[in-house]
Each structure stands twice: as structure tokens, then as C-alpha cells.
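Before any comments, here is the structure.
Small disclaimer: the values here were computed from a predicted structure and weren't measured. Throughout, numbering of the chain's residues begins at 1 and tracks the sequence.
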Amino acid sequence: MMKTRPSALALAAAVALTTLTGCSMTDSKTDSVPFSGTSTSLDAADATEKVSSGIYDLIGVRGKASESYSTVMDCSGRDAGEYFRILHPWSFYPASEGDLDVAMERLKSKLPKHGWRIVEYGPDTSKNKNVRMTADNDRKKVSVRIIRMAKNDPPKLSLNVVSGCYKIPAGQEIERF
């Protein structure tokens, strides 16, 4: 298993913020990230990682997930001392190169059956023409960006699961990690 370094988390956070805050999980009236409720950052991270585990279960092919950690991000336009989001970046490496497409297709077909709405799907503009999928789960106030990186060595799915905005309970402080 590989460990994610803090600099990789910062990059993933920046990518997640720019790619996921504009998706349809946002409230069109205020153009802000949805409110996920009141929670400590540790409990919110556990909840977000549980969502990642559910996505992993839907992949349905043999392989290995990277060992990664959630990180706390600010909520754009909200008080950074009271509101936060959770980002959980991770990767999936199929046991067989041929299973990469199977894994992506399974996610594309199974996510909607589990409360997810696919809001973007198709090749990106990179020379590798990676396939990107963004899906929102409005009930859980979570979004996921999945990138099929077939030309990576080794081939993988790169996943960024990001929560809506949480508010820290009164009298507590947001733990940053």
C-alpha cells in the first residue's frame, strides 16, 4: 500500500475544489456547496471514508486500493473557523490491466442504483484521453470524481470523494489534518 504525502493531498484538494464545487451538487440559488450538517472533522472524515468504502465495494473486480488519508478543506465563501469540507483522495489498481475498463463501467452502471447521479462522463482533453466521471449523491451530500487512467503505469482509477460543508459543533474547533 502506498501512503499519500501532504503535498499530494494539497494538489488533490485543489483539483477537487475546482472540479467538484461547480457540479450539480451545488445549490443553484446560492451557487454554494450543500450543507452536510453539524459534525466534528474526525466524524465527518469517517463518514466520507465510509462513502469511499461503498464505492470500492461497487468496483467489483480484484485489485488494490491505495492507502490514503482524508484531509480537511475550507468551504468557499464561509467562515473557515466554523465550516469545513472533507476530501478523501484514493486510487484503485486492478489486478489485471483488462479489468480497468470493467471497473469503470461497473461504477457507471452501479452508482445510479445506489443513490448517485452521474453529472459528467467522457474523455478529458489530455493527450491520454483519460475518461472522467463525476457523480453526486444528494442524499449524502457527497460528490466523487473518478478518472480512468489507462496509460498510467500501472493503470488505475483515481478517485476524489468530497463532502458538502459541515459546521463544527458549538464550543469546538475544526481539527485540520
Side-chain angles (χ1 to χ4, degrees), residues 1-26 33-34 44-74 76 85-138 140-164 177:
M1 296 265 186
M2 72 181 183
K3 300 264 185 197
T4 304
R5 292 176 288 159
S7 60
L9 286 176
L11 176 61
V15 169
L17 278 173
T18 57
T19 59
L20 298 178
T21 56
C23 67
S24 63
M25 191 172 92
T26 61
V33 176
D46 287 346
T48 304
E49 289 176 18
K50 185 175 178 183
V51 169
S52 287
S53 291
I55 294 169
Y56 176 84
D57 292 343
L58 296 178
I59 291 173
V61 299
R62 286 189 21 211
K64 186 188 252 186
S66 62
E67 186 176 323
S68 64
Y69 304 98
S70 294
T71 189
V72 176
M73 304 184 312
D74 290 338
S76 180
R85 298 176 76 186
I86 300 293
L87 169 68
H88 184 230
W90 57 284
S91 298
F92 176 77
Y93 300 89
S96 155
E97 188 174 322
D99 282 342
L100 185 67
D101 289 333
V102 174
M104 189 70 158
E105 286 302 315
R106 283 185 60 91
L107 287 171
K108 184 179 174 189
S109 69
K110 291 208 175 258
L111 283 170
K113 295 173 185 173
H114 289 86
W116 295 85
R117 184 171 31 89
I118 296 173
V119 296
E120 176 192 22
Y121 186 87
D124 64 16
T125 58
S126 72
K127 71 176 188 170
N128 290 337
K129 300 292 184 216
N130 297 318
V131 175
R132 293 178 182 263
M133 176 169 49
T134 301
D136 296 338
N137 189 314
D138 293 330
K140 294 181 180 178
K141 307 286 191 261
V142 176
S143 187
V144 63
R145 166 64 60 98
I146 304 166
I147 305 170
R148 181 189 59 106
M149 303 174 88
K151 295 185 179 177
N152 207 62
D153 186 20
K156 69 177 182 175
L157 295 180
S158 173
L159 299 96
N160 284 311
V161 179
V162 65
S163 73
F177 45 85

(request) Without swapping roles, check the side chain of Ser66 against the backbone of Ser91 for a donor-acceptor pair under 3.5 Å. (result) yes
(request) List the atom of Trp90, the atom of Ser52, and the distance in Å for their closest heavy-atom pair. (result) NE1-OG, 3.1 Å
(message) Let me confirm one number: the CD1-CG distance from Ile147 to Asn152, rounded to the nearest 0.5 Å.
(response) 10.5 Å
(request) Indicate yes or no for a side-chain donor-acceptor contact from Thr48 to the backbone of Ser163 under 3.5 Å, with no hydrogens or angles considered. (result) no
(request) Would you name the heavy atoms of Phe177 and Ser70 that are closest together and state the gap between them? (result) CD1-O, 3.4 Å
(request) Kindly state each residue pair satisfying side-chain hydrogen bond (donor to acceptor under 3.5 Å, both in side chains) with at least one member in residues 105-115, sequence neighbours excluded. (result) Glu105-Tyr121
(message) Using a 3.5 Å distance criterion without hydrogens, assess whether the side chain of Arg145 forms a donor-acceptor pair with backbone atoms of Thr134.
(response) no
(request) Report, as yes or no, whether the 6.0 Å neighbourhood of atom NZ on Lys50 holds more than 12 heavy atoms from other residues, nucleotides or ligands. (result) no
(request) Could you give me the CA-CA distance, side-chain angles and deciding distance for Phe92 and Val61, then say whether side chain to side chain contact (heavy atoms under 4.5 Å, CB included) is met? (result) CA-CA 10 Å; Phe92 176 77; Val61 299; 3.8 Å; yes
(message) Ignoring hydrogens, what is the shortest heavy-atom contact between Pro155 and Tyr93? Give both atom names and the distance.
(response) O-CD2, 3.8 Å
(request) Mind running side chain to side chain contact (heavy atoms under 4.5 Å, CB included) on Ile55 and Val161 for me, showing each step along the way? (result) CA-CA 9 Å; Ile55 294 169; Val161 179; 4.0 Å; yes
(message) Using the side-chain hydrogen bond (donor to acceptor under 3.5 Å, both in side chains) criterion, which residues pair with Asp101? Sequence neighbours excluded.
(response) Arg148
(request) Identify whether the distance between the nearest side-chain nitrogen and carboxylate oxygen of Arg62 and Asp99 falls below 4.0 Å. (result) no
(request) In sequence, state the C-alpha distance, the side-chain angles, and the governing distance for Met73 and Val162, and then conclude on side chain to side chain contact (heavy atoms under 4.5 Å, CB included). (result) CA-CA 9 Å; Met73 304 184 312; Val162 65; 3.4 Å; yes
(request) Kindly give the heavy-atom pair with the smallest separation between Gly164 and Arg85, and that separation in Å. (result) O-CG, 3.6 Å
(message) Please check: side-chain N/O of Asp74 versus main-chain N/O of Ser76, any donor-acceptor pairing under 3.5 Å?
(response) no
(message) One pair to check against side chain to side chain contact (heavy atoms under 4.5 Å, CB included): Leu107 and Leu157. What are the steps and the verdict?
(response) CA-CA 11 Å; Leu107 287 171; Leu157 295 180; 3.9 Å; yes
(request) Give, for atom CH2 of Trp116 and atom CG of Asp138, the distance between the pair rounded to the nearest 0.5 Å. (result) 10.0 Å
(request) Sequence neighbours left out, what passes salt bridge (charged side-chain N to carboxylate O under 4.0 Å, His left out) with Asp124? Give chain and number order. (result) Arg132
(message) Could you report the tightest heavy-atom contact between Leu111 and Met133, atom names first, then the distance?
(response) CD1-CE, 4.1 Å
(request) Starting at OG of Ser158, measure out to CE of Met149 and round the result to the nearest 0.5 Å. (result) 6.0 Å
(message) Just verifying a value: how many Å separate Lys151 NZ and Leu100 CG, rounded to the nearest 0.5 Å?
(response) 12.5 Å
